[in-house]
Amino acid sequence: MIGDLKEILLDEKRLAEKIAEMGEIISRDYEEKELVLVGVLKGSVMFMADLMKRITIPCCMDFMAVSSYGAATETTGVVRILKDLDYQIEGKHVLIVEDIIDSGVTLKYLMEYLNSRKPASLEIACLLNKPERRRVEIGVKYQGFEVPDYFLVGYGLDFAEKYRNLPCIGILKEEVYK
Ligand code: IMP
Ligand code: MG
């Protein structure tokens, strides 16, 4: 599996350090507030679990599943909801937890969708950000790393459902998906 990587961009140690930092800031910002983390399945699961362990204030978790990719490496621009929230978010402070922002289409759609449920606040925490690829404007409050425009896998990120279990994040060799 690791042999399909052209390069390791972020190893376990760098990921853990950054996520600890993010957890600390979020814990401070949301003190005394009712915080709900909404993970976007399935890419965010590793980040969600590790970030949540670094949040030191009470918080709940919920998940949504959306699809905009199929098995391709380029977004289709159409977002479908595959799984909705289990709980109400009205009046709560919601933080969307996402693995990576690419075109921004998925998060833009999710922001509008969740805003219509009247949360007290709505922000984004993403581990990775590929600003070069942005097609729609999005305000990201908490960001782990800015990354170059390569197709990345590992630590939750997949190509055709594979590589999610790699503990690091790397650049997938082009010959694997071309
Ligand atoms: P967006 O709507 O184009 O911003 O796409 C966001 C979603 O596409 C992310 O949540 C990922 O699931 C997926 N994605 C975007 N870039 C990559 C990548 O480099 N590797 C794996 N998945 C990606
Ligand atoms: Mg995702």
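Hydrogens, waters and symmetry mates are skipped; everything else that's a heavy atom, side chains included, is used. First listed ligand is number 1; within each ligand, the first listed atom is number 1.
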Exercise for the section: Report yes or no: does Asp99 have a heavy atom closer than 4.0 Å to ligand 1? Expected result: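 True for this residue.
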Exercise for the section: Could you tell me if any non-hydrogen atom of Gly104 lies under 4.0 Å from any atom of ligand 1? Expected result: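 Yes, Gly104 has a heavy atom closer than 4.0 Å to ligand 1.
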Considering the heavy atoms of [X], write down every atom of ligand 1 situated less than 4.0 Å from one of them.
X	answer
Leu152	18 (C), 19 (O), 20 (N), 21 (C)
Tyr150	19 (O)
Leu157	21 (C), 22 (N)
Val105	2 (O), 4 (O)
Asp158	21 (C)
Lys130	16 (N), 17 (C), 18 (C), 19 (O)
Thr106	1 (P), 2 (O), 5 (O), 6 (C)

Salt-bridge test for [X] and [Y]: reply yes if a basic N is under 4.0 Å from a carboxylate O, no otherwise.
X	Y	result
Arg28	Glu31	no
Glu21	Arg54	no
Arg117	Asp84	yes
Asp102	Arg133	yes

Side chain, backbone, both or neither: the part of [X] lying under 4.0 Å from ligand 1 by heavy atom:
X	value
Arg135	neither
Phe159	neither
Arg133	neither

Handout entry: Atom CD of Gln143: over 12 foreign heavy atoms under 6.0 Å
Key =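 More than 12 heavy atoms, drawn from other residues, nucleotides or ligands, come within 6.0 Å of this atom.
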Handout entry: More than 12 heavy atoms from other groups under 6.0 Å of NZ on Lys83
Key =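 Yes, NZ of Lys83 has more than 12 neighbouring heavy atoms, counting only those of other groups under 6.0 Å.
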Handout entry: side-chain hydrogen bond (donor to acceptor under 3.5 Å, both in side chains), paired with Tyr155, selected from Asn165, Asp50, Asp99
Key =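 Checked Asn165, Asp50, Asp99 against Tyr155; only one passes side-chain hydrogen bond (donor to acceptor under 3.5 Å, both in side chains): Asp50.
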Handout entry: Winner among Leu128, Ile100, Leu127, Leu172 once heavy atoms are compared against atom 9 (C) of ligand 1
Key =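 Looking at heavy atoms only, Ile100 sits closest to atom 9 (C) of ligand 1.
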Problem - Aromatic plane relationship, Tyr142 with Tyr30 - under 30° parallel, 30 to 60° tilted, over 60° perpendicular - result: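 If you compare the ring of Tyr30 with that of Tyr142, the planes turn out tilted.
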Exercise for the section: For the pair Asp149 (side chain) and Glu132 (backbone), establish whether a donor and an acceptor sit closer than 3.5 Å, ignoring hydrogens and angles. Expected result: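 No: the side chain of Asp149 does not pair with the backbone of Glu132.
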